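Note sheet for the following structure.
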Amino acid sequence: MAHYLDELNDIQRAAVTTTEGPVLVIAGPGSGKTRVLTYRIAHLLEKGVPPWEILALTFTNKAAKEMKERIEKVVGQRAQQVWAGTFHSVFARILRAEASKIGFPSSFSVYDTDDTMSVLRSIIKEKDLDPNAYNASVIRSRISLAKSNLISPLGYREKADMMEEDRAARRPFVVDIYQEYVSRLQRAGAMDFDDLLFQLYRLFRENPEGVVEKYQKRFKYLHVDEFQDTNFLQYAILRRLLKYEGSPENVFAVGDDAQSIYAFRGATIDNILDFEKDYPALKTFKLEQNYRSTHHIVQAANAVISHNRRQLQKTIWTDKTERSKIKLIKCVTDDEESRRVADLILEQKNRFHLPNSEFAILYRTNAQSRKFEEHLRRLNLDYRIYGGLSFYQRKEVKDFIAYLRLTVNPNDEEALRRIINYPTRGISDATVEKIGRSASANGITLWQAINDPRLDITERARKALFTFKSIIEDWQKRANAETAAKLAAEILRRSGLYELLKQDSTQEGLSRLQNVEAVLDAISEFTDQGDPNADLAPDDRSLGAYLQTVSLLTDADEQKGERDQITLMSVHAAKGLEYQSVFITGMEETLFPSFMSFEDPQGLDEERRLFYVAVTRAKRFLSISYAQNRYRFGQIRVCEPSRFLAEVGEDHYEMVGGSSGRLQQPALPQQPRAGISGNFSTGRRNPQPARPVVSGADAANFQAAAPDTIKAGDAVLHLKFGKGKVSSVEGPKDGKVATIRFEGDELPERRIVLKFAKLQVL
DNA sequence: GTTTCGCATCTTTTT
DNA sequence: GATGCGAAAC
């Protein structure tokens, strides 16, 4: 049985067999990261460690599942008892078991992003705040940022920098929204994604009934996959589990700083850097040999990533001898791009006898998938799209799930609001509004307020509410007696949802009906087998358990199916995957890198890491394409090639085609670093002044003005460019561009998009 | 009370 | 191009 160790190289083996104490494995792309992680767990099991003492945390359900399967191949059945799951799902399970200790029902609801947004919108409306200044998605990310850094509403108030940022952005009441948001979720017995971490941390910190010791003792061996993508809060929880008197500190973290692509949601490389400080006994292993990709792909990846400043030193190498170059495809339009990608796939399929499943088309934004679909269909190539709207985010599915949620947890406000009058049953918005006001006035939940005799509503509405409440109550009573599957089927019919969906006989209507029925099937499957990943409470097959599992599933977790399909997905979704032939598309300034990342150099570095991830997905063939014109935001826009293309290095690619089909002179000068200017600059992109002009008191007092208040003739202050005078403002309402002359600037004038710029009127 | 239509708005990545 | 919102029609 020990022969599995022979499948490892020296460094891998050393890492795997270091079973005691803290271990960090820095693993370059294709260096056998998953293999090391799984073999290490297999090795523990072989040494006689009981499976339930082993915890492995990943970021996707898919990764967890794959890990278990691979462990099982080495050690057999026992693998199923290892705790392997995503941070969110493992923590949700612990919380389900311990919720009552921190004032939540064990069948708490999990609010997804949509639910969160809707709560925020209603708070903003109630507080009568300007919805332009208080954009729900901005507020959401502020709150998420706070939670990920363990900042409660009270803590937020004391955080001078965050409060200052809010003030500068003219939304000083964010903290009040945050506070109200937290209390509403508490009242509804609901947690959002961040709460699954935040509340678990709280549970461990407050430690009622010594709950933390229970888990510290239980998890003797901790494993973390994709360590570079953990945030402060996740690391804090890990530390809680590891730090106690006499702890062996058995933790095995695997990651690659160069593949950190989730900084935007709070992930920080600091965790890797702090790891050494927090655990002085740490042993570090570096896996640098790439077993995945051919020469030019590996070298191109190295060349690209060398443009990033902050990174751990390592050089990835391969001994693969095949030397086909990267294809660079220049296209006139986005339509041509997708056509040629589809054509090239067909050509490669025939020439190299590759199945569809060995092809992936990657893009920066999900919206880009549409064009590729068109052309793949034209060539009869079967494909599947990952990401975008997941199955569980579809309206009809969410509606159905909302009924189930309300049955399990009647205080779930979002579920209630969603379906109280859907299908319509004579309860108007005005009535719901009144219930809401009465609820907050009396400090009770919506559910409790529904049949409050004090409500000032018509007799008809009162009756409708009564009927509604009775139905739900009836289901609640039966929730314990009947199987989840049977109850769900009953709910689907009696709610009127089924009837409503059936009336629509269009193609889409039919598929909606099928989707809802698919949920029923999934519930049956769950009741029959339990959650395949269930590790804490494998016997919990209730509707509540199902709902908590389901809310954490994403599109990528769906079964791959039997069909041989080409994969279309965002670069983010491609992390951890590999294909014989990969197409990276839409390599244009403002798209990849995204214009959203332009504000600070860290954003650009993250985009570059993202590109690095994309490049290293390819085993044999890599093709990169860009278009000179692209349909975006409802109109055709002229695009410049991405700056990252110049960083690939001439030696590693060849141009293919041009619209004329003949080989063209590469229009890509090699320009490391400075490459931001030169041919690769967008016409609108301007060189930055050497030093920040604004500092000290000016910066401290800086207050950004609202975009629409700036007009020609204004004297303004910009944080980077200093003082200037606005000579003109033009463009549509939403995309106003100001031409400004800055004092002592190297350029005569700059054109600045007001929406993104931070300008103070002087 | 309910449905439908036109208008405006906002478009990065995700557990 | 999709979604939310308000007004008007049913």
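For the numbers below, each heavy atom of this structure counts, side chains included, while hydrogens, waters and symmetry mates do not. Computed from a predicted model, the values in this text were never measured in an experiment. Naming: A, B, ... by sequence-line order, numbering from 1 per chain.
Distance, Asp192(A) CG to dT14(B) P: 18 Å, rounded to whole Å. We find that CZ of Arg364(A) is positioned 9 Å from P of dT12(B), with the value rounded to whole Å. The separation between Asp194(A) atom CG and dT14(B) atom C1' is 11 Å, rounded to whole Å. Atoms CG (Asp429(A)) and P (dG4(C)) sit 14 Å apart, rounded to a whole Å. dA2(C) atom P lies 17 Å from atom NZ of Lys395(A), rounded to whole Å. Computed from coordinates, the Arg140(A) CZ to dT12(B) P distance equals 12 Å when rounded to whole Å. Per the geometry, NZ belonging to Lys463(A) stands 15 Å off P belonging to dG1(B), to the nearest Å. Put simply, CZ on Phe87(A) is 14 Å from P on dT15(B), counting in whole angstrom units.
Pairs engaging residues 120-135 of chain A under the salt bridge (charged side-chain N to carboxylate O under 4.0 Å, His left out) rule: Glu126(A)-Arg184(A) [sequence neighbours left out]. Residue pairs meeting the side-chain hydrogen bond (donor to acceptor under 3.5 Å, both in side chains) criterion with at least one partner in residues 455-466 of chain A, sequence neighbours excluded, are absent.
Tyr262(A) comes within 4.0 angstrom of sugar-phosphate atoms only, judged by non-hydrogen atoms across all strands, and of no base. Residue contacts shown for Arg370(A) are limited to sugar-phosphate atoms, with no base heavy atom under 4.0 Å away. Within the nucleic acid shown, Phe193(A) comes within 4.0 Å of at least one base atom, counting heavy atoms only. At a threshold of 4.0 angstrom between heavy atoms, the contacts of Thr113(A) include nucleobase atoms, whether or not backbone atoms are also involved.
The residue among Arg425(A) and Ile261(A) whose nearest nucleotide of DNA chain B lies closer to the 5′ end is Arg425(A). Heavy-atom nearest nucleotides on DNA chain B were determined for Thr458(A) and for Ala367(A), and the one closer to the 5' end corresponds to Thr458(A).
The pair Asp399(A)-Lys395(A) meets the salt-bridge criterion, since a charged nitrogen lies less than 4.0 angstrom from a carboxylate oxygen.
Taking the six-membered ring where the residue is Trp, Phe87(A) and Phe91(A) present perpendicular rings, their angle passing 60° and hence far from 30°.
The distance from atom CG of Asp192(A) to atom CD of Glu414(A), rounded to the nearest 0.5 Å, is 11.5 Å.
Checking dT15(B), dT13(B), dT12(B) against the side-chain heavy atoms of His88(A) singles out dT15(B) as nearest. The side chain of Phe264(A) lies closest to dT14(B) when the candidates are dT15(B), dT14(B), dT12(B).
In this structure Arg417(A) satisfies the salt bridge (charged side-chain N to carboxylate O under 4.0 Å, His left out) test together with Glu413(A), sequence neighbours excluded. For Arg202(A), the salt bridge (charged side-chain N to carboxylate O under 4.0 Å, His left out) criterion is met by Glu206(A), not counting sequence neighbours. A search for salt bridge (charged side-chain N to carboxylate O under 4.0 Å, His left out) contacts involving Arg364(A) returns Glu607(A), not counting sequence neighbours.
At the phosphate of dT12(B), neither OP1 nor OP2 sits under 4.0 Å from any side-chain N or O atom of Thr365(A). Side-chain nitrogen and oxygen atoms of Arg121(A) include none within less than 4.0 Å of the OP1 or OP2 phosphate oxygen of dT3(C). The phosphate of dG1(B) has neither OP1 nor OP2 within less than 4.0 Å of any side-chain N or O from Asn421(A). Considering only side-chain N and O atoms, Asn366(A) lies under 4.0 angstrom from the phosphate OP1 or OP2 of dT13(B). Between Ser570(A) and the phosphate of dT14(B), there is a side-chain N or O to OP1/OP2 separation shorter than 4.0 Å.
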Protein and nucleotides 3-5 of chain B: nitrogen or oxygen contacts under 3.5 angstrom:
none

